[in-house]
Amino acid sequence: MVERLQEELKGATFVDLDGTLLSANSMHIFMHRLPGMLMRRKAVAAAIGSLWWISLRSLRLIDHRTMKWHLTKTARQHLDNSDWEGLTEDMLLSANRKVIDYIQSRRERGCLTYIATAAAEEYALPICRRLGYEGVLSTEFRDCLRDYEELNRHAKHEAIERTLESEGLRLESFLTDHTDDLPTAKAYPLLTILVGATKKTADEFREAGITRYLN
């Protein structure tokens, strides 16, 4: 009875962004592009500040979360929609064609698509819109650093579960390349598809029962 009810629900694919939907890392693109975008906005002090936070991170004097918060805060203060759209175009140049094609094949069968990522909402949402997907789960900005939490590991799994429940969906597939997503993969081993992973990552997923690959 439960299985039949599940089959009657609309199917949904959730796909990670960095290393999965994109072959590149969106944060690296953001970091490299941000100082120049700020300079074009004549926000010289902000551009220098962004380089400062990037330098601190490269020296391992701050963690990734702290750098990400400061860069996102600076970008939100100085960039406009055209900047974010331009950044989106740059990021989509590294779109993984095999993943895009797989998702399109599922969408043609009526499956909905959601991006589920630790990346910043500020550029994850425009990517989602550009691709025409149904929604995005991403890291939302908070005014205070202590309240800023990245959407990864168990937080991402919980967000996916909430979306499935609130939207009345069933998970059809989950695509990822990273062990950070093992909480979701372990919950859905038969529905998880590992994308272009290293041997070490593939071995960890295999131990969790994940044997589907898209390379």
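We number each residue from 1, following the sequence as shown. The structure presented is a predicted model; accordingly, all values stated were derived computationally and were not measured.
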Worked verdict on Val195 versus Val15 for side chain to side chain contact (heavy atoms under 4.5 Å, CB included): CA-CA 10 Å; Val195 176; Val15 57; over 6 Å; no
Residue pair Glu161, Leu164: steps toward the side chain to side chain contact (heavy atoms under 4.5 Å, CB included) verdict: CA-CA 5 Å; Glu161 294 289 355; Leu164 292 172; 4.2 Å; yes
For the residue pair [X] and [Y], establish whether any side-chain heavy-atom pair is separated by less than 4.5 Å.
X	Y	value
Ile193	Tyr102	yes
Leu34	Leu79	yes
Leu131	Ile103	no

Kindly work out whether a path of hydrophobic side-chain contacts (I/L/V/M/F/W/Y, heavy atoms less than 4.5 Å apart) joins [X] to [Y].
X	Y	result
Leu145	Leu61	no
Ile54	Met37	yes
Leu92	Leu17	yes
Phe30	Leu22	yes
Val136	Tyr133	yes

Greater than 12 external heavy atoms within 6.0 Å of His154's NE2: no
Neighbour count >12 (heavy atoms, 6.0 Å) for atom CG, Asp143: no
Which pair of heavy atoms, one from [X] and one from [Y], lies closest together, and at what distance?
X	Y	answer
Ala47	Met39	CB-SD, 3.7 Å
Ala185	Phe205	CB-CE2, 3.6 Å
Ala46	Thr74	CB-CG2, 3.8 Å
Phe174	Leu171	CB-CD2, 4.3 Å
Ala202	Leu194	CA-CD2, 3.6 Å
Ala208	Leu182	CB-CD2, 4.3 Å

Polar side chain donor-acceptor pair, Thr113 to Arg107, under 3.5 angstrom: yes
Ser173 and Thr13 side chains, donor-acceptor separation under 3.5 Å: yes
So, taking the atom named [atom1] in [X] and the one named [atom2] in [Y], what distance separates them when rounded to the nearest 0.5 Å?
X	Y	atom1	atom2	result
Glu167	Lys10	CD	NZ	12.5 Å
Leu51	Met31	CG	CE	10.0 Å
Thr20	Asp18	OG1	CG	8.0 Å
Leu56	Thr66	CG	OG1	10.0 Å
Ile29	Ser94	CD1	OG	4.5 Å
Leu191	Leu175	CG	CG	11.0 Å

Side chain Arg212, main chain Thr192, donor-acceptor under 3.5 Å: no
Flag, side chain of Lys156 to backbone of Leu137, donor-acceptor distance under 3.5 Å: no
Under a 4.0 Å N-O cut-off, is there an ion pair linking [X] with [Y]?
X	Y	result
Arg142	Glu149	no
Arg41	Asp83	yes
Arg206	Asp203	yes

Residue of the set Val99, Asn96, Asp101, Asp177 for which side chain to side chain contact (heavy atoms under 4.5 Å, CB included) holds with Leu214: Val99
Working for side chain to side chain contact (heavy atoms under 4.5 Å, CB included), residues Thr139 and Tyr148: CA-CA 8 Å; Thr139 298; Tyr148 183 69; 3.5 Å; yes
Reference residue His70; test ring-ring contact (aromatic ring centres under 6.0 Å, His included); the match among Phe141, Trp53, Trp52: Trp53
Candidate pair Glu89 and Arg130, rule side chain to side chain contact (heavy atoms under 4.5 Å, CB included), full reasoning: CA-CA 9 Å; Glu89 291 180 7; Arg130 182 67 61 89; 3.3 Å; yes
side-chain hydrogen bond (donor to acceptor under 3.5 Å, both in side chains) against Thr198, all qualifying residues, sequence neighbours excluded: Thr201
Atom pairs and distances, donor-acceptor, side-chain atoms in residues 114-128, under 3.5 Å, two or more places apart:
from   : atom 1 : to     : atom 2 : distance (Å)
Thr117 : OG1    : Ala119 : N      : 2.9
Glu122 : OE2    : Arg76  : NH1    : 2.7
Tyr123 : OH     : Ser26  : OG     : 3.1

Arg109: salt bridge (Lys or Arg N to Asp or Glu O under 4.0 Å) partners, not counting sequence neighbours: none
